[in-house]
Amino acid sequence: MRIAIVAPHRELFGGAETYLRWLLGALVAHGHEVGFAFELPCQDQQRASDLGIEPLRRWDLDALKREAFLEELQVFRPDVVFSQGARDDHLDRDLTRRFPTALFAHGFYGACATGWRAHDRPQREVCKRRFGPACLALNYLKGCGARNPLGLVDLYRSQRRRSKLLPDLSALVVASEYVRQVFVEHGVRAQDVHVIPPPAERAADPSPPERRELGNHVLFLGRLASGKGGAHAVEAVAGAQRDLGRALRLTVAGEGPELEHCRQLAAQLDVTSEFTGWVGGERRQALLRGADVLIVPSLWPEPFGIVGLEAGGVGLPAAAYNVGGIGEWLRAGVTGELADGPGFDPLTLGSALARVLRDGSHYARLRLGAWQMSQEFSGERHLARLEVLFRAIASSGDR
């Protein structure tokens, strides 16, 4: 098949781009003719999501006018366009009108004014409202994430345009049952939303993890930005230290605007910490293998949380807030531990962390459970389901 992938970023930043790198490689390896269009180029070429993937037709949309790209795409004649949610919603509109287009909604596409689906007042909570005009006022009453009024209006208008595109898509792909339900609540027909969880970039270890001594090394992998909860990770480690009566060591692998705040907080709370910056490849894998527990302190309803699959593949259990799609791979007492309660309290997250690390026999069971869970989300299964969907779209001939 001829498949065109359209994505906002070429550079690796987080889970969506990690998935993109895996997807491009997997489709090419399966013999498909693949084109890759990206809106923003790389600052660091070594972090390109398409690095070393050939043969691959590429379109740099930062250098190419939208209409020129659409004309070149017409010549490419894709059987299906698989959008990862373009930054330019007009591009998604044009793709949907001209080509059979499936969308992978990595977030709340057309279902939230700010994209976070969470608010800060009266306390940090997941939003359960349906997206609509009231969101403009509620953003300021509840603290939904936008501060500049003009910026909020732009965000709102863009999300309204996205919401109107949803019925015209050939298919909507989501990572979890949680996100599927959000879109159904926003009027998308249940049969048009396909839950196809993404795989980890690397296949899980072929054999179960060996038993090892219980350790004290906590790992945070992710961008240090406002919804990812880096500061909550530091506070949770401090709380777990008190619960366990022993010191823990935190490695923070990521970069972003909250980096310095997290450094200062770790010093204030006497949390021994290492801040590595962004890591990839073998260095990332070494961190996963060397840690004793992954902490996932997301302060928004993560659509899935692919980092949990990466960890599970090497037998690394996790501690996390029970929000969004996280509970679909983090099963309390089986693959890790979930913070108690519906809110975002570092004390409850610290307690979950302590439960992972308190007892050696329980920890061994969690390691095995995490590894077994990772087998359920294989790349082969994901790709097979995508190919079935793409062939159905291509054969429908609705464009």
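Only this structure's heavy atoms are used, side chains among them; waters, hydrogens and symmetry mates stay out.
Between Arg202 and Glu282 a salt bridge is recorded (basic side-chain N to carboxylate O distance below 4.0 Å). Salt-bridge check for Glu255 with Arg47: passed, with a basic side-chain N closer than 4.0 Å to an acidic carboxylate O. Arg355 has a carboxylate O that lies under 4.0 Å from a charged side-chain N of Asp340, or vice versa, which qualifies the two as a salt bridge. For Asp205 and Arg289, the salt-bridge test passes: some basic side-chain N is under 4.0 Å from an acidic carboxylate O. Under the 4.0 Å criterion applied to side-chain N and carboxylate O atoms, Arg180 and Glu328 are not assigned as salt-bridge partners. Taking a cutoff of 4.0 Å between a charged side-chain nitrogen and a carboxylate oxygen, Arg57 and Glu72 qualify as a salt bridge. Arg21 has no carboxylate O lying under 4.0 Å from a charged side-chain N of Glu11, or vice versa, which leaves the two without a salt bridge.
Proximity of Leu20 to Phe36: side-chain heavy atoms (C-beta onward) are separated by under 4.5 Å at one or more points. The side-chain heavy atoms of Glu54 and Val28, taken from C-beta on, include no pair separated by under 4.5 Å. You'll find the side chain of Glu177 stays beyond 4.5 Å of the side chain of Pro197, heavy atoms only. When side chains are defined from C-beta on, Ser226 counts as touching Trp116, because their heavy atoms get closer than 4.5 Å. Residues Phe304 and Trp329 are in side-chain contact: their nearest non-hydrogen atoms beyond the backbone lie under 4.5 Å apart. Looking at heavy atoms from C-beta onward, Tyr321 lies out of side-chain contact with Ser298 at the 4.5 angstrom threshold. Counting only heavy atoms from C-beta outward, the side chains of Ile326 and Tyr178 never approach each other to under 4.5 Å. Looking at Gln45 and Arg10, their side chains come closer than 4.5 Å, going by heavy atoms from C-beta outward.
Cluster annotation: Val179 and Val126 are assigned to the same hydrophobic cluster (Ile/Leu/Val/Met/Phe/Trp/Tyr, side-chain heavy-atom contacts under 4.5 Å, transitive). Note: the hydrophobic cluster containing Phe377 also contains Val195 (ILVMFWY, side chain heavy atoms under 4.5 Å, direct or indirect links). With hydrophobic clusters built from ILVMFWY side chains whose heavy atoms lie under 4.5 angstrom apart, Leu353 shares a cluster with Phe344. Under the 4.5 Å side-chain heavy-atom criterion for Ile, Leu, Val, Met, Phe, Trp and Tyr, Leu224 and Leu299 are members of the same hydrophobic cluster. Cluster annotation: Trp371 and Val296 are assigned to distinct hydrophobic clusters (Ile/Leu/Val/Met/Phe/Trp/Tyr, side-chain heavy-atom contacts under 4.5 Å, transitive).
Asn139 contributes atom CG, which lies 8.5 Å from atom CG of Leu155 (distance to the nearest 0.5 angstrom). Of the inter-residue distances, the one linking Thr114 atom OG1 with Trp300 atom CH2 reads 10.0 Å to the nearest 0.5 angstrom. Once rounded to the nearest 0.5 Å, the distance linking CG of Leu366 with CD of Glu337 reads 5.5 Å. Taking CD1 of Ile3 as the start and NE2 of His32 as the end, the distance is 4.5 Å to the nearest 0.5 Å. To the nearest 0.5 Å, atom CG of residue Asp292 and atom CG of residue Leu248 are 9.0 Å apart. Between the CG atom in Asp79 and the OG atom in Ser395 there is a gap of 10.0 Å [rounded to 0.5 Å].
In terms of heavy atoms, Leu172 sits closest to Ala105 at CD1-CB, 4.0 Å. Leu349 and His232 make their closest contact through CD2-O, 4.4 Å (heavy atoms, listed as atom of the first residue, atom of the second, distance). Nearest heavy atoms, Leu73 versus Ala4: CD1-CB, 3.7 Å. Nearest heavy atoms, Gly315 versus Pro209: CA-CG, 4.1 Å. What you find for Ala354 and Asp243 is that their closest heavy atoms are CB-CB, 3.9 Å. A pairwise comparison of heavy atoms in Ala86 and Ser83 identifies N-OG, 3.8 Å as the closest pair.
For the residue pair Thr251 / His217, a side-chain donor-acceptor distance below 3.5 Å is found, with atom types taken as modelled. There is a side-chain donor-acceptor pair under 3.5 Å between Tyr109 and Asp92.
With respect to Glu39, the side chain to side chain contact (heavy atoms under 4.5 Å, CB included) criterion is satisfied by exactly one of Leu91, Val6, Asp62: Leu91.
In this structure, the ring pair (Phe, Tyr, Trp, His ring centres under 6.0 Å) partners of Phe76, at least two apart in sequence or on a different chain, are Trp59.
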* Given salt bridge (charged side-chain N to carboxylate O under 4.0 Å, His left out), test Arg117 with Glu302 step by step and report yes or no. => CA-CA 10 Å; Arg117 202 164 166 78; Glu302 286 276 359; over 6 Å; no

* Asked: Where do Arg66 and Leu61 land on the side chain to side chain contact (heavy atoms under 4.5 Å, CB included) test, with the steps shown first?
  -> CA-CA 7 Å; Arg66 188 195 315 150; Leu61 302 185; over 6 Å; no

* Could you give me the CA-CA distance, side-chain angles and deciding distance for Glu376 and Arg331, then say whether salt bridge (charged side-chain N to carboxylate O under 4.0 Å, His left out) is met? => CA-CA 13 Å; Glu376 301 172 25; Arg331 297 142 196 177; 2.9 Å; yes

* Kindly indicate, with the supporting measurements, whether the criterion side chain to side chain contact (heavy atoms under 4.5 Å, CB included) is fulfilled by Leu357 and Arg246. => CA-CA 11 Å; Leu357 296 173; Arg246 67 178 192 266; 3.7 Å; yes

* Gln84 and His9: side chain to side chain contact (heavy atoms under 4.5 Å, CB included), yes or no, with the steps? -> CA-CA 10 Å; Gln84 307 300 296; His9 300 282; over 6 Å; no

* Asked: What do the steps show when you test Ser361 against Arg211 for side chain to side chain contact (heavy atoms under 4.5 Å, CB included), and what is the final call?
  -> CA-CA 9 Å; Ser361 296; Arg211 193 179 182 96; 3.8 Å; yes

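Within a 6.0 Å sphere centred on CD of Gln43, heavy atoms belonging to other residues, nucleotides or ligands number 12 at most. More than 12 heavy atoms of other residues, nucleotides or ligands shown are found within 6.0 angstrom of CD on Gln123. Remark: Asp270 CG is loosely packed, at most 12 non-hydrogen atoms of other residues, nucleotides or ligands lying under 6.0 Å away.
Remark: the backbone N or O of Gly281 is not paired with any side-chain donor or acceptor of Gln285 at under 3.5 angstrom. Counting only distance, with no hydrogens or angles, the side chain of Thr101 and the backbone of Arg97 share no donor-acceptor pair below 3.5 Å. Between the side chain of Arg381 and the backbone N or O of Gln375, no donor-acceptor pair lies under 3.5 Å. Put simply, the side chain of Ser396 gets close to the backbone of Ile393: a donor and an acceptor are under 3.5 Å apart. Checking side-chain atoms of His119 against main-chain N and O of Arg121 turns up a donor-acceptor pair under 3.5 Å. When atom types are taken as modelled, the side chain of His186 and the backbone of Phe131 share a donor-acceptor pair closer than 3.5 angstrom. Of the possible donor and acceptor atoms, none in the side chain of Arg249 sits under 3.5 Å from a partner among the backbone N and O of Asn216. Under a 3.5 Å cut-off, the side chain of Gln264 and the backbone N or O of His261 do not form any donor-acceptor pair.
Taking the six-membered ring wherever Trp is involved, the centroid distance between the rings of Phe104 and Tyr19 falls below 6.0 Å.
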